[in-house]
Amino acid sequence: MSADPTQVLAFETDCHIFDGCGFPAPGLHSFLFEPLWGDGDSNVYFNKTMLLALLGSIVIVGFFWAAFRKPKVVPGKLQMVAEAGYDFIRRGVVYETIGKREGEKYVPLIVSLFFFVWMMNLWSVIPVAQFPVTAIIAYPAVLAGVVYVLWVSLTFKRHGFVGFFKNVTGYDKSLGAVLPLAMLIEFFSNLLVRPFTHAVRLFANMFAGHTLLLLFTIASWYLLNGIGIAYAGVSFIMTIVMTAFELFIQALQAYVFVLLTCTYIQGALAEHH
């Protein structure tokens with residue numbers, strides 16, 4: 001085993017089954033990275049996930065800048081792809097959830113969120129990078145925090161304090177005697193559970209997906225010895241299958257994240273009766 005437990009793939013490259021070494025299963029050490037710059041002990045450093053987040057932002061900005069810097073009536077291939085992605089989120093998510101009149105002003109935010117989350121997820125299957133940034137809880141938590149602040153501020157702005165209280169507690173006097181209990185549950189659900197689940201849903205899926213990819217990838221190498229070669233082939237096929245499945249999940253989780261964001265915004269703007 002590697003002497004440094006913080007490496008992403010902490011296993012010896014010459015370790016195979018029947019060699020007397022145990023299976024180097026992935027674990028929490030697979031999600032820890034040594035600082036590329038700075039001192040990790042002082043909490044002022046720059047590591048691989050930060051680099052990938054920065055590069056992902058540059059890739060997204062660069063892509064849309066290249067696509068729209070000289071827009072044409074008859075779009076080229078790059079502009080056509082960018083327009084298709086933008087229009088899909090605008091019409092298929094924002095308009096369908098918030099409505100065209102209220103939702104138009106939030107389209108840039110939702111499009112940015114979708115492509116940022118998708119890019120952060122995609123790093124998992126890109127050679128050399130091979131790590132989904134959103135598998136680190138801090139990144140989904142910050143994004144969910146931005147959405148949470150937006151939702152709270154919009155609700156206050158649209159409804160005032162009393163309206164905000166009714167909105168987050170689900171106030172409905174027709175509930176009768178169970179109204180206080182229902183309001184308490186809704187209050188904690190909206191103000192505490194909502195941002196938590198918004199972040200954890202994305203984090204947990206990317207964490208689990210990356211762990212499975214690591215498991216089958218490491219197993220493919222570990223089994224390359226003797227009769228284990230036959231099993232290594234099966235493991236390698238599973239790696240390919242899991243990679244394809246992960247590509248689907250990465251896009252789906254980005255979609256779900258922005259869909260929930262639009263749902264929260266729509267709830268903040270809706271009139272409470």
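All of these numbers come straight from a predicted model, not from anything done at the bench.
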Notebook entry, point to check: Tell me, do F88 and Y255 make a side-chain contact under 4.5 Å, heavy atoms counted?
Noted result: yes
Check: Taking the six-membered ring for Trp, are H198 and Y264 parallel (under 30°), tilted (30 to 60°) or perpendicular (over 60°)?
Finding: perpendicular
Next item on the list: Start with the C-alpha gap between L260 and R201, add the side-chain angles, then the distance that decides, and say whether side-chain contact (heavy atoms from CB on, under 4.5 Å) holds.
Entry: CA-CA 11 Å; L260 288 173; R201 181 180 286 105; 3.0 Å; yes
Next item on the list: Please determine if E102 and R158 form a salt bridge, counting it only when a charged side-chain N lies under 4.0 Å from a carboxylate O.
Entry: yes
Checklist line | Exercise: identify the closest heavy-atom pair between V94 and G103 | finding: CG1-O, 3.3 Å
Check: Rounded to the nearest 0.5 Å, how far does CZ of R90 lie from CD of E83?
Finding: 9.0 Å
Notebook entry, point to check: Would a hydrophobic clustering, with Ile, Leu, Val, Met, Phe, Trp and Tyr connected at side-chain separations under 4.5 Å, put L36 with V133?
Noted result: yes
Next item on the list: For Y148 and R194, run side-chain contact (heavy atoms from CB on, under 4.5 Å): C-alpha distance rounded to whole Å, both residues' side-chain angles, the deciding distance at 0.1 Å, then the answer.
Entry: CA-CA 8 Å; Y148 179 77; R194 173 178 288 186; 5.6 Å; no
Notebook entry, point to check: Side chains of E34 and N47: closer than 4.5 Å at any heavy-atom pair?
Noted result: no
Item checked: Residue pair I136 / P140: nearest heavy atoms and the distance that separates them -> O-CD, 2.9 Å
Next item on the list: Specify whether F248 and F245 have parallel, tilted or perpendicular ring planes, treating 30° as the upper limit for parallel and 60° as the lower limit for perpendicular.
Entry: tilted
Check: Any chain of hydrophobic side-chain contacts (each under 4.5 Å) joining M120 to V146?
Finding: no
Notebook entry, point to check: With side chains defined as the heavy atoms from C-beta onward, is the minimum distance between F23 and I218 less than 4.5 Å?
Noted result: yes
Check: With hydrophobic residues grouped by side-chain heavy-atom distances under 4.5 Å, do V61 and V59 end up in a single group?
Finding: no
Item checked: Within 6.0 angstrom of F236 CZ, more than 12 heavy atoms from elsewhere -> no
Check: Should T217 and W221 be marked as a side-chain contact (heavy atoms from CB on, under 4.5 Å) after you check the CA-CA gap, both sets of side-chain angles, and the distance that decides it?
Finding: CA-CA 7 Å; T217 301; W221 176 256; over 6 Å; no
Notebook entry, point to check: So do the side chains of S124 and Q250 get within less than 4.5 Å of each other, counting heavy atoms only?
Noted result: yes
Note to self: Is it true that N121 and T134 share a donor-acceptor pair across their side chains at a distance under 3.5 Å?
What the structure shows: yes
Notebook entry, point to check: Any donor and acceptor pair, going by atom type alone, linking the side chain of S30 with main-chain N or O of P26 inside 3.5 Å?
Noted result: no
Note to self: Measuring from atom CD of E186 to atom OG1 of T169, what distance do you get when rounded to the nearest 0.5 angstrom?
What the structure shows: 8.0 Å
Next item on the list: Find the distance between CH2 (W123) and CG (L52) and round it off to the nearest 0.5 Å.
Entry: 6.0 Å
Notebook entry, point to check: So if you build clusters from Ile, Leu, Val, Met, Phe, Trp, Tyr with side-chain heavy-atom gaps below 4.5 Å, do I126 and F207 land together?
Noted result: yes
Next item on the list: Examine W118 and W65 and state if one hydrophobic cluster contains both, with Ile, Leu, Val, Met, Phe, Trp and Tyr joined whenever side-chain heavy atoms are less than 4.5 Å apart.
Entry: no
Item checked: Pair F165 + F187: ring centers closer than 6.0 Å -> no
Margin query: Tell me whether the count of non-hydrogen atoms from other residues, nucleotides or ligands lying under 6.0 Å of CZ in F156 goes above 12.
Written below: yes
Check: Of the non-hydrogen atoms in V93 and L259, which two are nearest, and what is the gap between them?
Finding: CG1-CA, 4.1 Å
Item checked: G163 backbone acceptor or donor facing N167 side chain under 3.5 Å -> no
Checklist line | Rounded distance (nearest 0.5 Å) linking atom CE of M238 with atom CZ of F216 | finding: 4.0 Å
Checklist line | Nearest non-hydrogen partners of A53 and Y139, listed with the distance | finding: CB-CE2, 4.0 Å
Next item on the list: Please examine the side chains of T49 and F31, heavy atoms only from C-beta on, and report whether any two atoms are closer than 4.5 Å.
Entry: no
Next item on the list: Inspect the surroundings of CZ in F46 and state if more than 12 heavy atoms from other residues, nucleotides or ligands are less than 6.0 Å away.
Entry: yes
Margin query: Other residues, nucleotides and ligands only: do more than 12 of their heavy atoms fall within 6.0 Å of OH on Y231?
Written below: no
Next item on the list: Output, in order, the C-alpha distance, side-chain angles, deciding distance and verdict of side-chain contact (heavy atoms from CB on, under 4.5 Å) for V168 and W151.
Entry: CA-CA 11 Å; V168 300; W151 168 67; 3.6 Å; yes
Checklist line | Value rounded to 0.5 Å, distance of OH in Y222 from CG in L224 | finding: 12.0 Å
Notebook entry, point to check: For the residue pair A144 and P195, what are the closest heavy atoms and their distance?
Noted result: CB-O, 3.7 Å
Notebook entry, point to check: What are the two closest non-hydrogen atoms of L213 and E246, and how far apart are they?
Noted result: CD1-CG, 4.1 Å
Note to self: Quick one, V117 and L143 - any side-chain contact, counting heavy atoms below 4.5 Å?
What the structure shows: yes
Checklist line | Side-chain H-bond candidate by donor/acceptor type, T261 with Y106, under 3.5 Å | finding: no
Checklist line | K48 side-chain N/O to A129 backbone N/O, donor-acceptor pair under 3.5 Å | finding: yes
Notebook entry, point to check: Nearest 0.5 Å, what's the CG-CZ distance between L269 and R101?
Noted result: 9.5 Å
Next item on the list: State yes or no: are the ring centers of F131 and F33 separated by less than 6.0 Å?
Entry: yes
Margin query: Is any side-chain heavy atom of F114 closer than 4.5 Å to one of F257?
Written below: no
Check: For the side chain of H159 and the backbone of A270, is there at least one donor-acceptor N/O pair under 3.5 Å apart?
Finding: yes
Notebook entry, point to check: Does T243 use its side chain to pair, donor to acceptor, with the backbone of T239 at less than 3.5 Å?
Noted result: yes
Margin query: Within the 4.5 Å heavy-atom criterion, are M206 and Q253 side-chain neighbours or not?
Written below: yes
